[in-house]
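Since the structure comes first, as structure tokens, the remarks are kept for the end.
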Amino acid sequence: MSTESIINPVTFGELRAMTGDEFLGELIDTFCTETPSIISDLQRALAEGDADTFRRAAHSIKSSSANFGAVPFSALARELEMLGREHNLAQAGDKVARLVADYDQLVRALRELQHAS
Amino acid sequence: MPRETAPISGHLLVVDDNKVNRLLLGRSLEQQGHRVDFAENGRQALEALRAQPFDLVLLDIQMPELDGFQVLEQLCHDLHLRDIPVIMTSALEELDSVAKCIEMGAEDYLTKPVNAILLRARINASLEKKRLRDQQRELVRKFATAEVAEDLQASGFALGGKFVEATAMFSDIRSFTTIAESQSPADTIELLNDYYTLMFEAITGQGGVVNQMVGDGLMAIFGAPLPLENRCERSVLAALEMIEMIELFNCEQEAQSKPRIRIGIGIASGEVIAGYTGTLRRATYTCVGDTVNRAARLEAHTKVVGEPILIDETTRQGLSSGIETVPQGPVQLKGKTDEVQVFSVPVGQKVRR
């Protein structure tokens with residue numbers, strides 16, 4: 001999969017222009033440090049049937065990834081958020097698994113773009 | 001980004017449970033010249049807001065512990081915090097929640113990811129509005145009474161005079177100079193403070209506004225800046241209460257071997273010219289005109305006739321039958337060419353209401 005299908009280059013370019021390379025690196029580091037624990041929260045909430053925590057975790061992932069232009073990833077997180085809002089976690093297992101897999105791809109794409117300047 | 005495009009800088013609080021969002025928003029705001037602090041949830045936000053002054057809050061809706069709604073609710077019930085502008089930061093699909101927040105008192109909203117240009121525009125607009133509100137509040141503090149402050153707020157600080165139908169009252173202490181010479185300065189100031197406290201209570205209790213205090217004299221207005229029903233009757237009731245309070249005060253004075261005081265009160269009703277006068281630094285609500293002069297003359301005339309309360313014909317006509325008045329005949333008041341009908345109000349009368 002190309003990075004362009006994972007991260008919108010226009011959004012990412014604007015972000016870089018606004019933050020500068022150094023701060024962009026810090027921002028990506030922060031995303032990579034913070035997101036795994038939010039994904040854990042999401043998985044735990046799924047296992048426990050805690051729709052509110054599930055919704056909040058998905059919401060957080062959705063909004064932070066959107067900053068980088070990670071459009072498909074953010075959209076998937078948004079779908080999870082909606083399932084949480086509807087208290088419909090029964091349908092969410094496959095999507096959570098996909099989010100976990102996509103997260104690794106996203107991190108690779110972010111690092112690649114970060115060093116491509 | 002050029003600094004000069006950010007005209008106002010402020011101390012801002014960014015509240016978001018996601019660290020990436022916090023960092024990014026903080027970076028944008030700092031680039032626009034603001035000082036930024038952060039909170040990770042609603043509870044931390046309230047702690048920060050209570051610990052130090054902020055000019056504006058950027059508030060996420062969905063957060064653990066206390067969410068954006070709960071923070072807004074607490075802010076609008078907090079006298080010290082409710083005027084801080086709050087801008088909601090939300091996802092586009094949360095617009096129904098945003099509408100609820102704006103109903104709850106949030107000033108504006110931004111959708112995430114936040115666009116730097118919109119961010120600058122909204123923040124500057126909010127800070128500018130806050131600056132204007134703060135300026136108005138500062139102006140209000142320079143005015144003497146709560147009534148005047150309310151009037152100013154309601155009229156949007158319209159300065160300039162207007163004709164108003166009102167009742168003016170003057171009151172002062174008889175032979176005050178003699179009293180002041182007979183006791184220590186500390187006792188004199190204490191006496192004046194007690195006197196003012198009692199007079200204010202009687203006057204404001206009847207809806208009057210004390211707008212001048214000079215030495216041992218004071219001026220009060222009934223019916224301005226805000227209209228007052230039965231202002232003639234209420235001014236006379238206030239005068240009777242003032243005399244009663246002075247009697248009680250005299251009992252205390254005697255118990256401490258201190259001098260008794262007597263006061264004289266003059267009341268006149270009619271058209272007055274009312275407005276805010278002064279300078280930008282210090283202003284007051286003032287009433288001037290013939291009616292006000294007549295009240296002052298009547299107050300001076302109480303010494304001549306030996307009656308503590310004198311009122312003019314217009315005021316008497318505004319009284320209900322429950323208040324007894326005694327005609328003192330036509331009197332030529334000092335500085336006036338025409339004679340005016342003067343009435344005294346006997347003190348100690350039981351007013352039928």
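Quick note: numbers below take in every heavy atom, side chains included, and nothing from hydrogens, waters or symmetry partners. Letters go in sequence order (proteins before strands), and every chain restarts at 1.
Residues of residues 12-24 of chain B lying under 4.5 angstrom from chain A, judged on non-hydrogen atoms, are B:D17, B:N18, B:K19, B:V20, B:N21, B:L23, B:L24 by number. For residues 43-60 of chain A, the interface with chain B (any heavy-atom pair closer than 4.5 Å) comprises A:R55, A:R56, A:H59, A:S60, sorted by residue number.
Neither the backbone nor the side chain of A:I28 comes within contact range of chain B; no heavy atoms are under 4.5 Å apart. With a 4.5 Å cut-off on non-hydrogen atoms, A:E14 does not touch chain B at all. For B:D60, the part lying under 4.5 angstrom from a heavy atom of chain A is the side chain only.
Remark: B:K100 NZ is loosely packed, at most 12 non-hydrogen atoms of other residues, nucleotides or ligands lying under 6.0 Å away. For A:Y103, the OH atom is densely surrounded, since the number of other residues' heavy atoms within 6.0 Å is greater than 12. Heavy atoms from other residues, nucleotides or ligands lying under 6.0 Å from CG of A:D94 number 12 at most. Enclosure of atom CD in B:E229 is not indicated, since only 12 or fewer non-hydrogen atoms of other residues, nucleotides or ligands lie within 6.0 angstrom. The 12-atom threshold is not exceeded at CD of A:E22, counting heavy atoms of other residues, nucleotides or ligands nearer than 6.0 Å.
Considering every non-hydrogen atom in both B:P113 and A:A66, the closest pair reads CG-O, 3.5 Å.
Annotation: the span from A:T19 atom OG1 to B:Q31 atom CD amounts to 8.0 Å, rounded to 0.5 Å.
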